[in-house]
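Letters go in sequence order (proteins before strands), and every chain restarts at 1. The figures here come from the full heavy-atom set of this structure, side chains too, leaving out hydrogens, waters and symmetry mates.
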Amino acid sequence: MQLTINVNGKEYSIESGKSLLDLIKQYIPNAKYGIIAAREGDKLIELTTPIGENKSVEWVKTDSSEGIAILRHSTSHIMALAVKRLFPKTLVAIGPSTDDGFYYDFDSETRFNEEDFTKIEAEMQKIIDSDLPFVRKEVSKAEALAKFKDEGEIYKAEIIGEIDAETVSLYTTGEFVDLCRGPHIPSTSYIRAFKLTKIAGAYWRGDEKNKMLQRIYGTAFADSKSLKAYLTMLEEAKERDHRKIGKEMGLFGFYQEGPGFPFWKPNGMVLYNGIVDYWRRIHRQNGYIEVKTPIILNEDLWHRSGHWANYSENMYFTKIDGDSYAVKPMNCPGGILIYNDGIHSYKELPLKIAELGLVHRHEKSGVLHGLFRVRQFTQDDAHIYCTKEQVKGEVEKVIALVQKIYSDFGFDDVHIELSTRPDKSIGSDEMWELAEKSLKEALEELKIEYKVNPKDGAFYGPKIDFHIKDAIGRSWQCGTIQCDFAMPERFDMSYIGADGKKHRPVMLHRAILGSIERFIGILIEHYKGKFPFWLAPEQLRILPIAAAHLEYANSVKNFLQNFGFRVTIDESSEKLGAKIKQARLDRVHTIAIIGDSEMNSKLVTVRKADMEENRTLKLDELVDFFIDLNNNTK
RNA sequence: GCUGGCUUAGCUCAAUCUGGCAGAGCAGCUGACUUGUAAUCAGCAGGUUGCGGGUUCAAUUCCCAUAGCCAGCUCCA
């Protein structure tokens with residue numbers, strides 16, 4: 001019998017029982033390796049699946065995110081086969097694809113190290129070259145369980161025990177049989193480019209009470225060019241590491257005396273203050289007022305807020321006059337005390353109160369990571385107190401502000417995620433429903449695409465998260481809006497409505513940069529330390545050619561400093577070439593060269609430190625040039 | 001917190017495996033050079049080898065403990 005298969009709107013006729021792979025071979029033979037699976041509605045179909053009816057499908061290609069995930073997942077099976085060939089006593093746990101590759105967890109008496117990678121990669125290449133098929137087989141749960149138990153594969157057996165289905169699918173590649181949902185590539189030769197990247201310990205099921213397994217990471221791409229580009233990106237990321245650049249530029253430091261507590265050096269302080277100045281200005285422009293609340297507050301407050309019950313493992317405590325106090329991990333309870341100090345009218349709402357709040361959170365020692373994960377940081381926090389009816393509109397305004405601010409910092413690619421009620425939470429079901437609905441509606445009203453993260457909300461409310469993409473394509477979570485009906489209830493907050501009666505306000509928590517410290521880390525990596533003019537710690541360095549030019553250089557410096565520009569002079573007795581090199585290493589924004597000709601004609605020759613082009617300007621023109629630079633970036 | 005690795009001059013790294021006087025480059029200081037677009041030359045100084053124990057005639061090196069850092073797990077702004 002002939003079947004009609006509609007692929008991407010084009011019709012093909014093939015015999016019943018043949019597969020999509022046969023179809024490709026017959027009609028589009030030069031597509032080999034580019035097409036990796038097909039999608040029918042939400043369902044992914046393997047190319048080798050026999051077809052028994054007319055269908056309408058779309059190709060899944062290796063350059064799509066679904067396609068690359070299949071490719072990587074299959075590569076993880078190939079790695080597991082290679083590892084089992086080389087180290088036969090090894091047990092396998094799980095081996096999924098990840099955002100940038102794949103891994104497989106192994107339980108082995110052999111301690112693997114990176115020197116083993118060459119061996120494993122060679123074995124994998126052998127497997128790929130021998131073009132072994134991936135063969136899917138459905139078996140009963142009991143049969144699969146018996147098989148893996150016989151082989152002592154305790155991890156696989158444990159997973160099967162928890163699967164809620166009559167049958168499970170097994171995939172055979174060579175002599176390796178794995179429990180797996182699929183889909184997979186038709187055969188191993190589809191893998192064109194792969195590499196093992198690192199090895200690390202990982203707990204079975206991510207639980208530190210369980211045995212630690214050995215996780216081998218790798219990655220695979222549709223072709224070697226993409227793999228190479230990825231590896232180059234990793235190198236580039238290393239070059240941009242904010243910990244390295246921070247040290248080189250004298251921005252910040254961490255010392256043994258305070259693990260996780262950043263110290264800001266003078267150049268870093270310029271960045272920090274530049275951001276804060278900008279932040280204050282734009283918040284004023286958007287109708288926010290500002291407060292500051294204490295860092296240490298009485299234990300009682302934290303019981304009322306729910307932090308004691310839900311967050312105490314991350315909090316620092318202290319005693320004052322025999323009473324127990326906690327160091328704030330969040331700013332909201334303090335802000336609420338200010339709100340509750342007095343009566344509020346509905347006419348004041350929405351009330352937008354911002355706070356650059358210094359918070360302390362006791363993060364586990366192993367998670368600290370430069371400025372990205374610290375124990376003390378400043379949230380660019382704000383709390384918006386409003387009526388239920390105002391929530392949606394206020395959320396929309398925050399979203400607009402978030403986008404404006406990111407774009408001012410040079411981030412134009414933003415994506416949004418919505419996180420819903422976690423298992424550990426406070427507040428009633430109705431509150432949660434209403435809160436989640438308000439956030440959803442705001443996003444839908446603005447026609448913004450978003451992804452849902454189930455159970456990932458804060459303990460007091462659901463949240464919208466904002467992620468920005470940096471110069472080398474990495475994504476960072478920064479901003480957040482959290483919709484909170486619970487705190488107002490707990491703290492018995494109220495406003496007087498038009499009806500003269502007390503009503504409960506809704507509280508929106510929001511941060512845009514997230515943490516100033518972390519945001520600076522992201523900026524460093526985004527700009528690779530070459531900050532735009534308004535943020536650059538050293539905006540201009542004057543390089544006098546000889547000692548005779550120092551006096552004129554100083555007068556130029558003073559002139560520019562009066563306008564508020566950050567100017568230094570290289571007074572060393574080096575040659576010009578050496579001074580230029582040093583200025584570039586220090587990532588100075590612009591350099592000015594002053595020699596006889598400039599001194600005699602009262603001019604300055606400037607150039608951006610990383611460019612070749614020179615401009616010779618009058619001092620007034622230089623000031624205008626700098627003012628332009630400032631305006632262009634903000 | 002867990003697993004593994006690392007910690008040597010201000011910085012980047014040798015010497016550690018196989019125990020035997022701890023060594024470079026850059027930065028610093030001094031002097032000379034007065035310089036026109038990515039490193040001028042010479043000299044000087046710089047160290048209880050993260051901290052604490054142990055083994056040894058002898059420990060930067062081996063062992064134990066501890067702190068910090070790095071990678072990953074988990075968590076997260």
Separation of Ile468(A) CD1 from Arg474(A) CZ (nearest 0.5 Å): 11.0 Å

Counting just side-chain N and O atoms, does Lys579(A) come under 4.0 Å of either OP1 or OP2 of U35(B)? no

Arg375(A) has an atom CZ; how far is it from atom P of C75(B), in whole Å? 18 Å

Candidate nucleotides A67(B), A77(B), C73(B), ranked by approach to the side chain of Gln256(A) - the nearest: A67(B)

Separation between the P atoms of A24(B) and A14(B), rounded to whole Å: 16 Å

Please confirm whether any donor atom in the side chain of Glu598(A) sits under 3.5 Å from an acceptor in the base of G36(B), or the reverse. yes

Does A71(B) have OP1 or OP2 under 4.0 Å away from a side-chain N or O of His369(A)? yes

Quick check: closest heavy atoms across Ala80(A) and Val92(A), and the distance to 0.1 Å? CB-CG1, 4.3 Å

Taking 5.5 Å and 30° as the limits, would you call Tyr217(A) and the base of G72(B) a stacked pair? no

Pairing nucleotide - A42(B), Watson-Crick or G-U, each distance under 3.5 Å: U30(B)

Nucleotide of A77(B), G1(B), C69(B) approaching Leu368(A) most closely (side-chain heavy atoms): C69(B)

Looking only at atom C1', what distance separates C51(B) and A67(B), rounded to whole Å? 7 Å

Arg373(A) (side chain) and C75(B) (base): donor-acceptor pair under 3.5 Å: yes

Pick base, sugar-phosphate or nothing for Gly577(A), based on heavy-atom distances below 4.0 Å to the nucleic acid. sugar-phosphate

Classify Arg361(A) by what it touches in the nucleic acid, base, sugar-phosphate, or nothing, heavy-atom distance under 4.0 Å. base

Testing the 3.5 Å rule here: is there a donor-acceptor pair between the side chains of Asp412(A) and Tyr406(A)? no

Identify whether any heavy atom of Lys244(A) sits under 4.0 Å from a base atom; if not, whether one sits that close to sugar-phosphate; answer base, sugar-phosphate or nothing. nothing

Counting only Watson-Crick or G-U wobble pairs whose two distances fall under 3.5 Å, which nucleotide matches C51(B)? none

Compare side-chain N and O positions of Lys198(A) against OP1 and OP2 of A71(B) and report whether any pair is under 4.0 Å apart. no

Closest approach to the side chain of Lys581(A), judged atom by atom: which nucleotide of A77(B), G1(B), A39(B) is it? A39(B)

Using a 4.0 Å heavy-atom cut-off, does Gln582(A) contact any base of the nucleic acid, only the sugar-phosphate backbone, or nothing at all? nothing

If the plane angle is over 60° it's perpendicular, under 30° parallel, otherwise tilted; pick one for His415(A) and His467(A). parallel

Would you mind reading off the distance between Glu574(A) atom CD and U34(B) atom C1', rounded to a whole angstrom? 12 Å

Between Val374(A) and Ala547(A), which has a closest nucleotide on RNA chain B that is more 5'? Ala547(A)

Given RNA chain B, 5'-ward residue of the pair Tyr203(A) and Ala546(A), judged by closest heavy atom: Tyr203(A)

Side-chain contact check for Lys247(A): nearest option of U37(B), U35(B), U12(B) is U12(B)

Here's one to test your reading of the geometry: is the NZ or CZ of Arg615(A) within 45 degrees of the ring axis of Phe625(A) and under 6.0 Å from its centre? yes

Any idea which of G72(B), U37(B), U40(B) is nearest the Ile593(A) side chain? U37(B)

Nearest of A39(B), C69(B), G36(B) to any side-chain atom of Pro259(A)? C69(B)

Just to confirm, is there a sub-4.0 Å distance from OP1 or OP2 of C70(B) to any side-chain nitrogen or oxygen of Arg243(A)? yes

Does G72(B) have a Watson-Crick or wobble partner in any strand here, with both distances under 3.5 angstrom, and which is it? C2(B)

